[in-house]
Amino acid sequence: MGIPLGLEHACEHVNALSDEADVVIIGGGIIGVCTAYYLAKQGLKPLLLEKGRVAAEQSARNWGWIRKTARDYAELPIVIEAQQLWEELAEECDTDIGVKRAGVTFLPESEKQLADYEAWQRDFGAVAGTEMLSAVQVRAMFPDAINPWRGAMHTSDDMVAEPFVAVPAIACAAVKLGAVIREGCAVRGLERAGGAVSGVVTEAGAVKTSRVLVAAGAWSSLFLRREGLSIPQLSVRSNVMHTKPMPNFFDGAAGEDNMAFRRRADGGYTMASLGFNELWIGPDAFRALPYYRQLLLGGSFPIKPRFGAPKGWPDSWTTKRNWKLDEESPFERLRVLDPEPNHAALDRMLGKFAERFPSVGKPVEARRWAGMIDAMPDVVPIVDTAPIEGLTICTGMCGHGFGIGPAFGRIMADMIAGREIDHDLSRFALARFDTYAKLELGPDV
Ligand SMILES: Cc1cc2nc3c(=O)[nH]c(=O)nc-3n(C[C@H](O)[C@H](O)[C@H](O)COP(=O)(O)OP(=O)(O)OC[C@H]3O[C@@H](n4cnc5c(N)ncnc54)[C@H](O)[C@@H]3O)c2cc1C
């Protein structure tokens, strides 16, 4: 199976730029694509603009877990809806997007982690359908494992899907319903009239619109800052490896610290260095530091600092923070954020896997890559209207956005269309960052 990451595949969506649109969506990841899909379902004609390729950044690079397990309480009802929507989308897409209730299992590295899992399960297990497995049950689940775990947190109806198939397929389904997508088209900024959004300026010209959604993933903070809105969003590198087809030692998705695996539809595994994240310190990281103090001081921020982000990255020291709308923007300079993976971390992951599963044999690698996860200091996203009339924001998915994406897309479509919102979104309000007040942190598991 070819993995269409980055610019190696040609643009699929090459429409001429219209002068006007009902809604402009900035970003062709799962959030932008699903919003376009649900807006088009309502009969609107959204225009989605993507600087690179649909799903070339986080939305194709992720592990494909669609989980309720260990989610924030405010996200739970939304991810429960998302799981239903994934099943509907699987029916509506022309391609098999690999949606399956394969189960998700969290394997504890330590007694402390097991206790954290137990605490989460006690509080939310009934809602999420999550149970704690005993050592005997874990042994039955992984009969080939050496030194198996003393328990596990498991949700049997959690799901998986194939990210780099699913998101482009949903984009095509949105187009069929009337959405227009243009790849290779960066949005440089907003135009305003009387304080309200009146359009966007892209590298290919201006588009009039009164409604804009920022779903720009790791670039949202850079985009919004130029518009006078500051959000403490940072991005961290996370590493992934695909294997070639191999013996089926486990059918679902599972992970412990520094090692995770999910069986794919093609018989290979997507493996990853779970919990190993690296942050390049740039000007935004310094600015956002006060917001991250709780995570830093609480010790629950397993992030390795790095210096000197490569040229062109959103928080690189040399990335322009301000630009004129008639000049090239940082979004055009780097079409796809495609970090080199940390090979040592992936090698360590393979070492751990070999120790745990010696009888499975050494996985034969198909490809390695990395992605930049967009993170927020309280580990939940921003899903809100902005204090600029006509502007909405859905970003900072904190490593969970693939699974929950269809529901946030559905919610954003309703918000943009002015319909009543049927979920409590107060936890995701932009205003929580108006001051440096103490934040309510998401689950520490
Ligand atoms: C390695 C890794 C593993 C992960 N595993 C999981 C998982 O198993 N389950 C899960 O639920 N989540 C997972 N995630 C997180 C998930 O992938 C993200 O939360 C989700 O894809 C974010 O979607 P998005 O649409 O917000 O952003 P993105 O997918 O990053 O899309 C944003 C898009 O906006 C475009 N853009 C930015 N600025 C502009 C501009 N000015 N003009 C036009 N276009 C612009 C970008 O090019 C990009 O394509 C993982 C992430 C990574 C990196």
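All values reported here derive from a predicted model rather than from experimental measurement. Whatever order the structure lists them in is the order used to number ligands and atoms, beginning at 1.
Residue Lys51 touches ligand 1 through backbone and side chain together, judged by heavy-atom distances below 4.0 Å. With a 4.0 Å heavy-atom cut-off, ligand 1 is reached by the side chain of Val240 but not by its N, CA, C or O. Looking at Gln58 against ligand 1, both its backbone and its side chain come within 4.0 Å, counting heavy atoms. Here Phe331 has side-chain heavy atoms under 4.0 Å from ligand 1, and that is the only part of it that gets that close. Both the backbone and the side chain of Trp65 come within contact range of ligand 1, each with a heavy atom under 4.0 Å. If you look at Asn62 next to ligand 1, the close heavy atoms, those under 4.0 Å, come from the backbone and the side chain alike. Within the 4.0 Å heavy-atom criterion, neither part of Pro163 lies near ligand 1.
Side-chain contact, Glu81 with His423: a donor N or O sits under 3.5 Å from an acceptor N or O. Between the side chains of Asp158 and Thr69, at least one donor N or O lies within less than 3.5 Å of an accepting N or O. The closest side-chain donor-acceptor pair between Ser198 and Arg192, if any, does not fall under 3.5 angstrom. Looking at Asp157 and Gln83, their side chains never bring a donor and an acceptor atom within 3.5 Å of each other.
For atom 21 (O) of ligand 1, the nearest non-hydrogen atom from the set Gly52, Ser59, Gly401, Gly399 comes from Ser59. Heavy-atom proximity to atom 51 (C) of ligand 1, evaluated over Ile31, Leu274, Asp374, Ile373, is greatest for Ile373. Relative to atom 3 (C) of ligand 1, the option among Trp63, Phe402, Phe223, Phe408 with the closest non-hydrogen atom is Trp63.
When only interatomic distances are considered, the shortest N/O to N/O separation between Glu50 and ligand 1 falls below 3.5 Å. Looking at Val187 next to ligand 1, an N or O pair under 3.5 Å apart turns up.
Contact analysis puts Ile26 in contact with ligand 1, with a non-hydrogen atom separation below 4.0 angstrom.
Against a heavy-atom cut-off of under 4.0 Å, Ser238 is close to the following atoms of ligand 1: 1 (C). Residue Gly403 has at least one heavy-atom neighbour below 4.0 Å for each of these atoms of ligand 1: 10 (C), 11 (O). Annotation for ligand 1: atoms under 4.0 Å from non-hydrogen atoms of Gly371 are 53 (C). Counting atoms of ligand 1 from 1 in the listed order, those under 4.0 Å from a heavy atom of Ile30 are 20 (C), 21 (O), 23 (O), 25 (O). Atoms of ligand 1 found under 4.0 Å from any heavy atom of Ala215, numbered from 1 in the order shown, are 32 (C), 34 (O). Counting atoms of ligand 1 from 1 in the listed order, those under 4.0 Å from a heavy atom of Gly64 are 8 (O).
The aromatic rings of Phe433 and Tyr291 sit perpendicular, their planes meeting at an angle over 60°, well past the 30° parallel limit. Aromatic ring orientation, Phe353 versus Phe357: tilted (interplanar angle from 30° to 60°).
Under a cutoff of 6.0 Å and an axis angle of 45°, Arg237 and Trp280 do not form a cation-pi pair. Geometrically, Arg61 does not engage Phe402 in a cation-pi contact, judged by NZ or CZ lying under 6.0 Å from the ring centre and within 45° of the ring axis.
Side-chain atoms of Asp257 do not come within 3.5 Å of backbone N or O of Glu109 as any donor-acceptor pair. A donor-acceptor pair under 3.5 Å is formed between the side chain of Arg226 and the backbone N or O of Trp323.
Judged as a side chain to side chain contact (heavy atoms under 4.5 Å, CB included), and not counting sequence neighbours, the contacts of Lys176 are Asp94.
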